[in-house]
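Take a look at the structure set out below.
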Number of protein chains: 2
Amino acid sequence: MKLSEGVEWGLHCALLLAEAPAGVPLPRRVLAEHYGLPEAYLAKHLQALTRAGLLHATPGPSGGFRLARPAGEITVLDVLDAIEGPASPFVCQEIRQQGTGAARPEECTRPCAIASVMVRAHQAWRESLRAVTLDQLVNRVPQALRKRNRAKLGTDAPS
Amino acid sequence: MKLSEGVEWGLHCALLLAEAPAGVPLPRRVLAEHYGLPEAYLAKHLQALTRAGLLHATPGPSGGFRLARPAGEITVLDVLDAIEGPASPFVCQEIRQQGTGAARPEECTRPCAIASVMVRAHQAWRESLRAVTLDQLVNRVPQALRKRNRAKLGTDAPS
DNA sequence: CAAGTCGTGGATACTATACATCCACGTTAG
DNA sequence: CTAACGTGGATGTATAGTATCCACGACTTG
């Protein structure tokens, strides 16, 4: 079981957008270079975040990505669902109904006990991720780094 | 992110061993046919469960696998760790230290906030699985099926 | 003690998914 | 109009899971 790296990328990019000065969209080129990521592939994940309604994409020169909602209203789970999908890592193959020991249909009215356990565990995992917003993550970034990022990304000085 | 099917196989096999009459080892051939699984591949997973100390393997004719501990002392997490490994699905690539926006080493004394969140979620997942034993799972198998399995597997009638 | 049953471990091949890139297209600011 | 930027499709590569086979050692039965 392995989570795709795209999740880490999406999370860091969303976090960076939350750190950056408000209305300024960051082009994918800046995002990719900031973390040393392949720009073309990162674009796919940014698309997913946009489709999920977490980011807002502005085309054209001086375009780019910005958060579609306040950082306090975007959870880690939101980002994960957008990139990895909400499905459980465990997919029951119903092997209880196969082979010489196959359970009869009337014995399978209730979901397989094993599948139920895995579903509950998956829900616990999701709840844990739903409890954290981008806002809270920003506060855990070292202040020096946060200041440096704002300076680097906020090309638009106070007009 | 996808959990390997081997986990489901291992879980069902362990559950079946917990259902079966006590001291009778079940050969992998029986286990494979009971669920319609490829015997050679299932053997790999049974090996993993044996190495982890959950099953006890008896070589020779009339050999096979049995639980190494009472069913009440084996958790779903035990089986999962044995087959899938205990590692978190999220592996932090430390991209915060890469690219033009790289954080300085002195800013990385604390683990990345994103990685921390993922670790906590993984722990929540594991705790949920640790809370369930094979014993509890057996009780959720339909009684008719349980009886049928005992009859089918317990070739050794009361002597 | 001989033969057949069973688990062990290594080597090998296939397949699905994630990773990665490129290009043609539509949109927009200057 | 043109250059910058996001969109979406087509394509290729790499990694991990799935699956099989075979040689070997252990053990039980006859």
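Naming: A, B, ... by sequence-line order, numbering from 1 per chain. Bear in mind the structure is a predicted one, so any value in this text is a computation, not a measurement.
Atom CZ in A:Arg29 sits roughly 10 Å away from atom P in D:dA4 (whole-Å rounding). Summarising the geometry, the separation between CG on A:Leu37 and C1' on C:dC19 is reported as 12 Å, rounded to the nearest angstrom.
At least one donor-acceptor pair closer than 3.5 Å links the side chain of B:Thr100 to the backbone N or O of A:Glu33. B:Glu8 places a side-chain N or O within donor-acceptor distance of the main-chain N or O of A:Gln93, the cut-off being under 3.5 Å. With hydrogens and angles disregarded, no donor-acceptor distance shorter than 3.5 Å links the side chain of B:Arg130 to the backbone of B:Val76. A donor-acceptor contact shorter than 3.5 Å is absent between the side chain of A:Tyr35 and the backbone of B:Gln98. A donor-acceptor contact shorter than 3.5 Å is absent between the side chain of B:Ser128 and the backbone of B:Ala124.
One finds a side-chain N or O of A:Gln47 lying less than 4.0 angstrom from the OP1 or OP2 phosphate oxygen of D:dG8. Within the structure, every side-chain polar atom (N or O) of A:Arg51 is placed at least 4.0 Å from both OP1 and OP2 of D:dT7.
For the residue pair B:Thr133 and B:Glu73, no side-chain donor N or O sits within less than 3.5 Å of a side-chain acceptor on the partner.
Here B:His122 pairs with B:Trp125 under the ring-ring contact (aromatic ring centres under 6.0 Å, His included) rule; sequence neighbours left out.
The stretch residues 56-67 of chain A comes close to DNA chain C through A:Pro59, A:Gly60, A:Pro61, A:Ser62, each having a heavy atom under 4.0 Å from the strand.
Considering only heavy atoms from C-beta on, B:Val138 comes within 4.5 Å of B:Leu15 through its side chain.
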When you check every protein heavy atom under 4.0 Å of nucleotides 13-24 of chain D, what one-letter string (B, S, -) results, 5' to 3'? ----SBBB----
